[in-house]
Each structure stands twice: as structure tokens, then as C-alpha cells.
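Below, read A as the first sequence line, B as the second, and so on, with proteins coming before strands; counting in each chain starts at 1. Computed from a predicted model, the values in this text were never measured in an experiment.
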Protein chains: 2
Amino acid sequence: MSGRPRQFDAQAVIDAAMEVFWQHGYEGTSAQALCEGTGLGRGSLYNAFGSKQQLFEQALRRYQDLGLQAQLEILNRDDSVRHRLRALMEWGITADLDPNCQRSCMALRSVLERNHQDLVVKRINDAYLDRIERRLTELMTEGQQLGELRTDQPPRQLARGYMAGYYGLRVLGQSRPEREFLTDIVNDTLARL
Amino acid sequence: MSGRPRQFDAQAVIDAAMEVFWQHGYEGTSAQALCEGTGLGRGSLYNAFGSKQQLFEQALRRYQDLGLQAQLEILNRDDSVRHRLRALMEWGITADLDPNCQRSCMALRSVLERNHQDLVVKRINDAYLDRIERRLTELMTEGQQLGELRTDQPPRQLARGYMAGYYGLRVLGQSRPEREFLTDIVNDTLARL
DNA sequence: CCAATTTTGTAACGACCATTCCACTTTTTA
DNA sequence: TAAAAAGTGGAATGGTCGTTACAAAATTGG
């Protein structure tokens, strides 16, 4: 093992690529745009990551890692189950309303754009969903045991219903980025638990 | 007004274009694919519709018209409010699980892909959402008056919560096309009303 | 210091992109 | 029946796509 050392930090490049893909989607992102966004030349990019598709997969993995980390941090706080579930939704609203962030959730978009065409993308997204579903189910169980949540439905079902509400919120946040609209969704979703 | 008459039915062409865009998205659809899908030559397509973007807008409008029509038909049935709301969600599940239909909801995808970049697309999607929200709000009001639904939340909020559940269902249907998973979402969403 | 090895930027590749052009056909009008 | 008008398919346009080729640069081991 020898040769010229890399002149960039692979993690930083993936982060930069993530930003580009996040903003323009997979099909809407060109190799040219990736070079400009990362500061690397084509040679370096292709030598290090192989192809646009593989770089996208790494960028999506990074996005999901960061997202899961942030969401689990919220769900692990020392607070009531109800407050934590509300906090997660409000975190989603903040992301949807951020004016510096004229772009939808990269995960959502990758599901609709790439899940059917890229098996690796599908695996990344499936793994993320499994993790978040498992944590939410634990939380619903905890809430039921503490008497915070209704017990006429299994925790699994509560978790899945909440997930639908959450992703629906994220989608509608793209169409109707109005706090009042999104807050109605949160209040309704929480009221039924 | 004279000249050679068109040798195609504009509506049929828009329907065919809708199918192509539905399957491949906006960026993933080429003029070539549109010609093959519609049977028209490039000359005719551009002469009649102006550009790929304008054709997409017409195709999306058609998609939303058909979708709204089908959904309102369900919501206007002679049945209990609860049954009608459940029927709409089950209609969504059927669409998500249809194996002949390896494609996500065109409306969802157009929101994430094009809402920020094409004002006309945004207007089409906004109009659709307004219509469906209005109808759902009426339905929630009706359900409350009949004593079918809880009355501790305003109908507007119930409608918006249901919408989030519905679109979350459609998104998750792309990632987890399993009847059991989606049925949990329906049961949970309905149980809270 | 000289291979061997790896990374770098850039030029170049063929393919395909959305769109325009155009000669030709089919119609209406006069 | 000739001129005008509108539509037709297909060739051609300039541009951009993702990817590769390659020579120069930077490192290591001997």
C-alpha cells in the first residue's frame, strides 16, 4: 500500500454530495454539479466512489444515519412519551418550514424516485424504517404501561399510525408550508394516542 | 381557421403521457419515451403541447382530475362517515399494492419533484388539496353531528389529521407494500376519529 | 534516487437530452 | 383548382449527460 494520498476527507465529500442530492434529487443532479458541490474533479470523484449511483447510496446512507440519530435523540429524552412524540413532529415542521431549506425530505424523495430502481436504496430505506418503527413501538408500549396512552390498540398499531401521520406531515409540509396547517396535524395525531 | 386536421385525440394523448410520466417521473421521462408512449411524432407533440413541461402539467391536471373524481365518489357514497373514510384508505392500499402498478402516486411524486420548480404544478396540487380538504372537513362535520365522530376537536383538525394519515399511508405503501402494515395504519387512523 | 503505486485535473467519449427545422401531406377557402 | 393554413414524421441542432482515458503529480519502498 502506497501511492499519492487523497487530498480530501471522504466524509466531508459525502456530506457535500448529500447536500447536492438533497436539493436536486437523483436524476436532477449531474456529475458536474457534484464536482462543484464537493470541490473534487471528476477523476477523483469516480476514482473514490465509482459512480453517481454509488455516491448517491452513500449520501443517502449518511442522510439516514444523521436523521435517525437526531430523531432517536428526541425520542430518548427524559420527558413524557406524549411530549417526545410531539417534539419529533415539531422537529419535522421546523425542517419543512425552514426557508433556507427549499427542499423536501431526501428520504421521502428517494423512496418515490429510487426505491423501485435501486435495490441498495431500498435496503437503506427499509433498514431506517425498521429501526424507527421498533423504537416507536417500544415507546408506545412504555406509554401504555405508564397509563399515558390508550390501551385499546396494540403498540405496533399505534406506532404505525403515528408513522403515517409523521410522513404525511412531511409530505404536506411541502405543499402547504403553513404552521397552522401543520400544527393541526400534530394536534390531531397526538390527540388520538 | 383551416388546414390539416389533427390525426389524434388530444385527451387520449394526454392520458398516454400521464401513464409515462406516472411511471418514470418528470426528469426520468424523455421526449423519445413520450413519442413512443403516445404514438405521436416529435413534430406533432411539440406543435400540440409546446414543451415537455407543459405536457407534464396537462398530464398532472388529468391525473388529479381523475383522482379527485374517484375519491369524491367514495366519499359521497350512501354509507356511514366512518365507512366512507375507511373505504378511501382501502382504495389507496389497493393502488399501492397493485403489482401491475410498480409506480408510486404521481401526485406525491410531483409535489416532491416539481412543486418548488414549476409554479403551475404547485397551483394544480394546491387546488387538489384544497378541494379534498374541504370535502373531508364537511364529512367530519357531518360525522360529528350524527354522533359518529368525537367532538373534542374541530372538523378542520380532524380532516387535516386524516389527510396526513392518508398521504403517510401512500408513502409507506411504497416502502412497505405489505397489507398487514398498511391495515394497521388504517385501523389506527380510523380508531382515533 | 528510482521504480511502483495511487490520486489528480482535464480532455475526450459516445449517448442521449429537449427542442427546432423542414419538406411533405392533408385540409379549407376562394 | 390554386393558394393558404395547419399537422405530420423524421432529420438535425447544440448542449449536457455519466463515464473513461490519460498524463502529470505526489507518495512509498527498496
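Contact annotation: A:Ser44 does not reach the phosphate of C:dT7 (side-chain N/O to OP1 or OP2, under 4.0 Å). Not one side-chain nitrogen or oxygen of B:Ser51 sits closer than 4.0 Å to the OP1 or OP2 atom of C:dA18. Using a 4.0 Å cut-off, some side-chain N or O of B:Ser30 falls inside it from OP1 or OP2 of C:dC17.
For the pair A:Leu34 CG and D:dT19 P, the computed distance is 10 Å after rounding to whole Å. Separating the CD atom of A:Gln32 from the P atom of D:dG15 is a distance of 15 Å, rounded to the nearest angstrom. In this entry the distance linking CD of B:Glu27 with C1' of C:dC17 reads 12 Å, nearest Å. We find that NZ of B:Lys52 is positioned 12 Å from C1' of C:dC16, with the value rounded to whole Å. For the pair B:Phe8 CZ and D:dA6 C1', the interatomic distance rounds to 11 Å; values are reported in whole Å. Residue B:His24 contributes atom NE2, which lies 15 Å from atom C1' of C:dC16 at whole-angstrom precision. At whole-Å resolution of the value, CZ in B:Phe56 and P in C:dT19 are 14 Å apart. The CG atom of B:Leu40 sits 9 Å away from the C1' atom of D:dT8 (whole-angstrom rounding).
The existence of a salt bridge linking A:Arg123 and A:Asp130 is excluded, since no basic side-chain nitrogen approaches an acidic carboxylate oxygen closer than 4.0 Å.
Of all the residues in residues 13-21 of chain A, not one reaches under 4.0 Å from DNA chain D with any non-hydrogen atom.
Applying the ring pair (Phe, Tyr, Trp, His ring centres under 6.0 Å) rule to A:Tyr128 yields no partners; only residues at least two apart in sequence or on another chain are considered. With sequence neighbours excluded, no residue forms a side chain to side chain donor-acceptor pair (under 3.5 Å) with A:Thr189. For A:Phe56, the ring pair (Phe, Tyr, Trp, His ring centres under 6.0 Å) partners two or more places apart in sequence, or in a different chain, are A:Phe21, A:Tyr26. Residues satisfying the ring pair (Phe, Tyr, Trp, His ring centres under 6.0 Å) test with B:Phe181, not counting sequence neighbours, are none.
Legend: ring-ring contact (aromatic ring centres under 6.0 Å, His included) pairs involving residues 133-174 of chain B, not counting sequence neighbours: none detected. The list of side chain to side chain donor-acceptor pair (under 3.5 Å) pairs with a residue in residues 85-97 of chain A, not counting sequence neighbours, reads A:Arg86-A:Asn187, A:Asp96-A:Arg170, A:Asp96-A:Gln174. Residue pairs satisfying the salt bridge (Lys or Arg N to Asp or Glu O under 4.0 Å) criterion with at least one member in residues 44-63 of chain A, sequence neighbours excluded, are listed as follows: A:Asp15-A:Arg62. Applying the salt bridge (Lys or Arg N to Asp or Glu O under 4.0 Å) rule to pairs touching residues 138-154 of chain A yields A:Arg84-A:Glu142, A:Arg135-A:Glu138, A:Arg150-A:Asp152, sequence neighbours excluded. Residues in residues 17-36 of chain B take part in these salt bridge (Lys or Arg N to Asp or Glu O under 4.0 Å) pairs, two or more places apart or across chains: B:Glu19-B:Arg103.
If you check C:dT19, D:dG9, D:dT20 against the side chain of B:Ala31, the one that comes closest is C:dT19. For A:Asn47, the listed nucleotide lying nearest its side chain is C:dT8; candidates were C:dT8, D:dG9, D:dT19. Checking C:dA18, D:dT20, C:dT19 against the side-chain heavy atoms of A:Tyr46 singles out D:dT20 as nearest.
In the helix from C:dC1-D:dG30 to C:dA30-D:dT1, the end axes, each obtained as the rotation axis mapping the C1' atoms of four pairs onto the next four within a five-pair block, lie 0° apart to the nearest 10 degrees.
Linking ILVMFWY side-chain heavy atoms closer than 4.5 Å, directly or via other members, places A:Leu72 and A:Tyr63 in two distinct hydrophobic clusters.
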Starting at the 5' end of nucleotides 21-27 of chain C, put B wherever the base has a protein heavy atom under 4.0 Å, S where only the sugar-phosphate does, and a dash everywhere else.
-> ----BBB
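Along DNA chain D, the nucleotide nearest A:Gly50 and the nucleotide nearest B:Ala48 are compared for position; the residue whose nucleotide lies closer to the 5' end is B:Ala48.
The structure places CZ of A:Arg160 at 12.5 Å from CD of A:Gln153, a figure rounded to the nearest 0.5 Å.
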